[in-house]
2 protein chains.
Amino acid sequence: MLTIGKLAQDTGVKVPTIRYYEQIGLLPEPGRSAGNQRLYGQGQLERLRFIRHARDLGFPLEAIRDLLSLSDRPDQPCAAADGIARAQLDAVRARIRRLKALEGELERMVAQCAHGTIRDCRVIEVLGDHALCAQDHPAAAG
Amino acid sequence: MLTIGKLAQDTGVKVPTIRYYEQIGLLPEPGRSAGNQRLYGQGQLERLRFIRHARDLGFPLEAIRDLLSLSDRPDQPCAAADGIARAQLDAVRARIRRLKALEGELERMVAQCAHGTIRDCRVIEVLGDHALCAQDHPAAAG
DNA sequence: CCTAATCTCTCTAGTAACTATAGCTTCAAG
DNA sequence: CTTGAAGCTATAGTTACTAGAGAGATTAGG
């Protein structure tokens, strides 16, 4: 049996975050010691590792909730899990595309800076007028 | 003089967002009509366009606050503005790097899915065991 | 066995950047 | 003059945590 601190160490998830996951129902309530401290077993450890890894891959908690409930039903077809992963992949790709457009615009902006005064600053000028942008970059959105 | 709705139309910033910007002091409090409705002039319009554009480029509001106060001092050197833009560029590049690593891992995960049952699902399996990852991908963080 | 240091407990509030809702007032058009 | 859109304030919700207060539990050393 692991205390919450040990569980945190073993998974790399911080103690308050573990309690938060319990609070939102992502982790089941664990047993308690005589002194009311949480005690975790192997199953909880693995579940938390799963959560941690999915978070590292950028899955939102709601997607992880779905993935966890899927993983509890081994006989079901895995199409749903596959769909969630594909959706996440699409989201990641979309973000990369957007960020690359921003990168280009920021590069241009910074490259044109003549290091003079604010009055002649391209950074400020471009920010004030979107028409000065090379392409019609999209919004950043995350 | 523009009403808040017209200002929203002209800038692409939603009405509640404009009020929010006022609340946090990013936009000065505008004058009011006899009936207590906000009325904006050209200066406010340009200021909001500036904010909108910077947000689209992913600058956090605090950075925008700094940029705005810089743009009010045309005689100052533009090194500070340049620095803020460079920092944003660095942040964007870092996020692209991280996301590319995630993209690779998610691609691998999805490609290996045999479309069978959850029991044999690579998606679930890989999420449960970070050691199955190709590289040591970093955390997503945004 | 006692004490000090470290953990853990609950609860509340704060973060970024909005978005949504409720219940009201004002304005513009017909 | 009436009706519907737009505006007002204030509060709470979103995502995924993080920080803090103040109290109780546990463990290591003496």
Side-chain angles (χ1 to χ4, degrees), chain A residues 1-27 29-40 44 48 50-68 87-88 91-92 95 98 139-142, chain B residues 1-27 29-40 44 48 50-68 87-88 91-92 95 98 139-142:
Chain A
M1 286 300 191
L2 306 167
T3 63
I4 198 170
K6 192 67 177 55
L7 183 68
Q9 263 184 18
D10 287 6
T11 58
V13 178
K14 291 184 193 137
V15 168
T17 304
I18 296 173
R19 289 196 279 247
Y20 167 73
Y21 286 164
E22 178 184 328
Q23 190 192 314
I24 64 171
L26 209 58
L27 283 175
E29 295 187 19
R32 300 282 181 134
S33 72
N36 198 36
Q37 304 198 344
R38 291 169 178 81
L39 289 179
Y40 298 90
Q44 299 279 71
L48 187 52
F50 184 103
I51 295 170
R52 166 81 212 263
H53 193 195
R55 284 297 299 137
D56 282 353
L57 287 169
F59 287 86
L61 289 183
E62 278 319 295
I64 295 173
R65 203 187 285 277
D66 293 344
L67 287 168
L68 280 168
Q88 174 61 13
V92 166
R95 269 156 80 186
R98 273 198 310 261
Chain B
M1 285 301 192
L2 306 167
T3 63
I4 198 169
K6 192 70 179 49
L7 184 68
Q9 263 183 19
D10 288 4
T11 58
V13 179
K14 291 181 191 143
V15 169
T17 304
I18 296 174
R19 288 197 278 248
Y20 167 72
Y21 285 165
E22 178 185 328
Q23 192 192 312
I24 64 170
L26 208 57
L27 283 175
E29 294 186 21
R32 298 285 181 133
S33 74
N36 198 34
Q37 303 197 344
R38 290 171 179 81
L39 289 179
Y40 299 89
Q44 300 279 70
L48 186 52
F50 184 103
I51 295 170
R52 167 81 211 263
H53 193 195
R55 283 297 299 138
D56 282 352
L57 288 169
F59 287 86
L61 290 183
E62 279 317 295
I64 296 173
R65 204 187 283 276
D66 293 344
L67 287 167
L68 280 169
Q88 174 62 12
V92 166
R95 268 157 81 186
R98 273 199 308 260

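All chains are named by letter (A, B, ...) in the order of the sequence lines, taking the proteins before the strands, and each is independently numbered beginning at 1.
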Novice: Please list each protein N or O that sits under 3.5 Å from an N or O in nucleotides 25-30 of chain C, with the distance.
Specialist:
residue : atom : partner  : partner atom : Å
dC27(C) : OP1  : Gly35(B) : N            : 3.2

Novice: Report the residues that fulfil salt bridge (charged side-chain N to carboxylate O under 4.0 Å, His left out) with Arg65(A), sequence neighbours left out, ordered by chain and then residue number.
Specialist: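 Scan of Arg65(A) (salt bridge (charged side-chain N to carboxylate O under 4.0 Å, His left out), adjacent residues dropped) gives Glu62(A).
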Novice: Considering the terminal five base pairs at each end of the helix from dC1(C)-dG30(D) to dG30(C)-dC1(D), what angle separates the two local helix axes, rounded to 10°?
Specialist: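 The end-segment axes of the helix from dC1(C)-dG30(D) to dG30(C)-dC1(D) are tilted 0° relative to each other.
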Novice: Only counting residues at least two apart or in another chain, list the ones meeting side-chain hydrogen bond (donor to acceptor under 3.5 Å, both in side chains) with Glu22(B).
Specialist: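 For Glu22(B) the side-chain hydrogen bond (donor to acceptor under 3.5 Å, both in side chains) partners, ignoring immediate neighbours, are Arg38(B).
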Novice: Quick one: is Arg38(A) getting a side-chain N or O under 4.0 Å of the dT8(C) phosphate, OP1 or OP2?
Specialist: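 Arg38(A) to dT8(C) OP1/OP2: no side-chain N or O under 4.0 Å.
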Novice: Mind checking the CZ-CG spacing from Arg98(B) to Asp56(A)? Nearest 0.5 Å is all I need.
Specialist: 11.0 Å
Novice: Between Arg32(A) and dT10(C), is there a side-chain N or O to OP1/OP2 distance below 4.0 Å?
Specialist: yes
Novice: Hey, what do you get for CD (Gln37(A)) to CE (Met1(A)), rounding to the nearest 0.5 Å?
Specialist: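 One gets 14.0 Å once the value is rounded to the nearest 0.5 Å.
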Novice: Apply side-chain hydrogen bond (donor to acceptor under 3.5 Å, both in side chains) to Lys14(A) and list each qualifying residue two or more places apart in sequence or on a separate chain.
Specialist: none
Novice: Would you jot down, in residue-number order, the residues of residues 11-27 of chain B having a non-hydrogen atom under 4.0 Å from DNA chain C?
Specialist: Lys14(B), Thr17(B), Tyr20(B), Tyr21(B)
Novice: For Asp10(A), give me all partners under side-chain hydrogen bond (donor to acceptor under 3.5 Å, both in side chains), at least two apart in sequence or on another chain.
Specialist: Lys6(A)
Novice: Just the endpoints, please: which first and last nucleotides of DNA chain D, 5' to 3', lie under 4.0 Å from a heavy atom of chain B?
Specialist: dG7(D) to dT9(D)
Novice: To the nearest 0.5 Å, what is the distance between OG1 (Thr3(A)) and CG (Leu39(A))?
Specialist: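 One gets 7.5 Å once the value is rounded to the nearest 0.5 Å.
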Novice: Quick check: closest heavy atoms across Pro60(A) and Gln88(A), and the distance to 0.1 Å?
Specialist: CD-OE1, 3.9 Å
Novice: Under the side-chain contact (heavy atoms from CB on, under 4.5 Å) test, which residues partner Tyr21(B), sequence neighbours left out?
Specialist: Val13(B), Thr17(B), Ile24(B), Leu26(B), Leu27(B), Leu48(B), Ile51(B), Arg55(B), Leu61(B)
Novice: For Ile64(A) and Phe59(A), which heavy atoms make the closest approach, and how far apart are they?
Specialist: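 Taking every non-hydrogen atom into account, CD1-O, 3.6 Å.
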Novice: In whole Å, I'd like the distance from the CD1 atom of Ile51(B) to the C1' atom of dA16(C).
Specialist: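 About 16 Å, once rounded to whole Å.
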